[in-house]
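Scroll down for the structure; my scribbles are underneath it.
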2 protein chains.
Amino acid sequence: MHPALKQHLEGKLILSPEHERLIANCFKTRFTKRNEVLVEKGSIAKHLYFVVKGCLRVFLTDNDGNESTRFLIFEGRMGTAFPSFILKEPSVASIQSPESSELLVLSYADRDLLLQEIPGFETMYRTGLELDYIASIQRIESLITMDSKARYNILMQTQPEIIKRLPNKIVADYLGISQETLSRLKSKK
Amino acid sequence: MHPALKQHLEGKLILSPEHERLIANCFKTRFTKRNEVLVEKGSIAKHLYFVVKGCLRVFLTDNDGNESTRFLIFEGRMGTAFPSFILKEPSVASIQSPESSELLVLSYADRDLLLQEIPGFETMYRTGLELDYIASIQRIESLITMDSKARYNILMQTQPEIIKRLPNKIVADYLGISQETLSRLKSKK
DNA sequence: GTGATTTATTGACTATTGTCAATCTTTTTG
DNA sequence: CAAAAAGATTGACAATAGTCAATAAATCAC
C-alpha cells in the first residue's frame, strides 16, 4: 500500500494484512501531467481520486467559456465529480490536475467492494463524507452571507494553500468572483 | 412507529419487529409553534429532526440582525444544524420552525445507537448523506455560476415548494439576495 | 371582522462587482 | 535562453444588486 494512503487510514481503520492487501489492490496509481483532464464534462465520473502529490480541480464551464471551480483537492485528500460519481449521470463538471500529480484511483465498483468487505470502512467513509458535507455547508454560508472581500479573507485564513499554490484565475472562480475583482482585492490590502 | 417515518424507511431498510421498535423508541415526537426556535445560535445542536408536518429553517444571523437561510427541511426529510451536530461545537446557525410543525427528534447518542445496532442503518444513513451533500454541491454551483435571476429560476424549477410556502424574506435570504431584489425579479417575469 | 403587525412592493440612489481592453509580468517550453 | 504563451494588473465604463425610505398589501391575533 502506498505510504500516503496508509497514513490517510492511520487511526481510522485497523486492518488485517489481508484487508490491507485488498485495499492496496483496489487503488491504482496514476500520474498526470500539468492541466491534464481526467474527467470530461458530459462523461460519467467513474472513479474516486486520492491525491498523493499535486492537486485536482473540479470545475464548471459555460457556453461562453467561463470557468468556475467547484472543488479543489490537495495532497492526502479524496474527491471526484461527486454528483456524477454517485448518481451515475453525465457530469456537469470536468476534472483536471492544475499541477502534474500522482493519484490513487478507486473505481465505483471497488469502492462498493471495500464498503462491503472491510469492517469499519463504511464508518470511516461516512465520517469523511460528513466532514466534506460540513465544508460545503460552510462554503455556502460564506457565499450567502459575505461579500467578496470577506470571502477572500476567510479563504486566506482557512485554506491559504489555495491562494499560494494556484493561479489567480482559479482562486477567483473558486470564490465566485472575476479575476479582476480578485486582483483589486489583493492590492487594496 | 410514526407512519411518516415508516414510509421514509420503506424500501431502504428491512426491519425485524424488534429493530422497528428500537427505532420507534429513539425518535421522540415534538410539536412546535409557528416561529418557535429549536436551536439557539451559540448552543450545540444535539438532535437530528425528521419533519412529519410543517418545516424547519436553519439560518444565520449577523450582528446587524441580517438573516440568511442555510437550509430548509420539509415533510419527510431530516436535518439539523449539521456542523454543530457532528462536531459537537456551538452552532453558528439557529433553527426555527417557520410553520407550526410536528417533528420526530433523534438525539446524537440515539443516532449512534441506531448506526451500531440496526443492520443496514449506516448504509441508509450514508446514502442519505451522499444525496444531501450532492444537493449542497449543486447549491454552491448555482451560487458561483449564476446571477440572482437564474438562481431564482432554478429554485422555481427544483424546489417550487420553498417559493410557494415561505415568505419572500426567507426565500430571498436562502438565495443570498435582498428581499427587494427578489421582489423585483418576480415582477420582471 | 378589525386593528395591529408583519410582509411585499416600488422608487431613488449608492456600492459592489463584472466586462472589455490595453499593458505589463511571469511562466512555460522547445 | 529566448520566444511564446499564459497570467496579472489597471483603467474606464456598464450592469447588477444593495440600502434606505415610503407606501401598499397581506396576515395575524384578538
Side-chain angles (χ1 to χ4, degrees), chain A residues 32-37 54-55 57 59-69 72 96-101 142-156 162-189, chain B residues 32-37 54-55 57 59-69 72 96-101 142-156 162-189:
Chain A
T32 66
K33 285 186 228 161
R34 187 178 134 80
N35 289 332
E36 184 170 333
V37 174
C55 81
R57 173 186 181 228
F59 66 106
L60 306 160
T61 47
D62 69 13
N63 298 330
D64 303 338
N66 298 314
E67 298 188 348
S68 300
T69 296
L72 294 164
Q96 68 169 182
S97 53
E99 305 171 354
S100 67
S101 302
S142 76
L143 288 166
I144 60 177
T145 64
M146 298 174 193
D147 64 15
S148 57
K149 188 171 184 176
R151 292 209 298 281
Y152 176 74
N153 290 339
I154 290 281
L155 188 65
M156 186 72 111
I162 289 181
I163 293 171
K164 279 180 214 144
R165 262 168 84 164
L166 296 171
N168 262 2
K169 197 180 171 178
I170 292 180
V171 176
D173 65 48
Y174 181 77
L175 287 168
I177 61 179
S178 73
Q179 197 183 159
E180 293 92 336
T181 297
L182 176 59
S183 179
R184 288 179 178 116
L185 287 179
K186 288 171 91 166
S187 64
K188 273 175 196 161
K189 191 198 102 57
Chain B
T32 65
K33 285 185 229 163
R34 188 178 133 81
N35 289 332
E36 183 170 336
V37 174
C55 81
R57 174 187 180 227
F59 67 105
L60 306 160
T61 47
D62 69 12
N63 298 330
D64 303 339
N66 298 314
E67 298 188 348
S68 300
T69 296
L72 294 164
Q96 66 168 185
S97 53
E99 306 171 352
S100 67
S101 302
S142 76
L143 288 165
I144 60 178
T145 63
M146 298 174 192
D147 64 14
S148 56
K149 187 172 185 175
R151 291 209 298 281
Y152 176 75
N153 290 338
I154 291 282
L155 188 65
M156 186 72 112
I162 290 181
I163 293 171
K164 279 180 216 145
R165 262 170 82 166
L166 296 172
N168 262 2
K169 196 180 171 178
I170 292 181
V171 176
D173 66 48
Y174 181 77
L175 287 168
I177 62 179
S178 72
Q179 197 182 160
E180 292 92 334
T181 298
L182 176 60
S183 180
R184 288 178 178 115
L185 288 178
K186 287 172 91 166
S187 65
K188 273 173 196 163
K189 194 204 101 62

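Since this is a predicted model, take the numbers as computed values, not measurements.
Ranking dA21(C), dT16(D), dC20(D) by closeness to the Asp147(B) side chain, first place goes to dT16(D). For Arg184(A), whose side chain is taken as the heavy atoms from C-beta onward, the closest listed nucleotide among dA8(D), dA8(C), dT10(D) is dT10(D). For Arg34(A), whose side chain is taken as the heavy atoms from C-beta onward, the closest listed nucleotide among dT9(D), dT10(D), dT28(C) is dT28(C).
Smallest separation of non-hydrogen atoms from Lys33(A) and Ser97(A): O-OG, 3.0 Å.
Residue Leu182(A) is classed as having no contact, given no heavy-atom separation below 4.0 Å to the nucleic acid. Nucleic acid contact for Ser178(A): base, since at least one base atom lies under 4.0 Å from a heavy atom of the residue.
Rounded to a whole Å, the CD1 atom of Ile170(A) is 8 Å from the P atom of dG7(D). Between the CG atom of Leu166(A) and the P atom of dT27(C) there is a distance of 14 Å, given to the nearest Å.
For dT17(C), one of the phosphate oxygens OP1 or OP2 lies less than 4.0 angstrom from a side-chain nitrogen or oxygen of Ser148(A).
Nearest-nucleotide assignment on DNA chain C puts the 5′-proximal partner with Asn35(B), out of Thr181(B) and Asn35(B).
To the nearest 0.5 angstrom, Ile162(A) atom CD1 is 4.5 Å from Leu72(A) atom CG.
In terms of modelled atom types and a separation under 3.5 Å, the side chain of Thr32(B) and the main chain of Val37(B) share no donor-acceptor contact.
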Chi angles and distances behind the side chain to side chain contact (heavy atoms under 4.5 Å, CB included) call for Lys186(B), Val171(B): CA-CA 12 Å; Lys186(B) 287 172 91 166; Val171(B) 176; over 6 Å; no

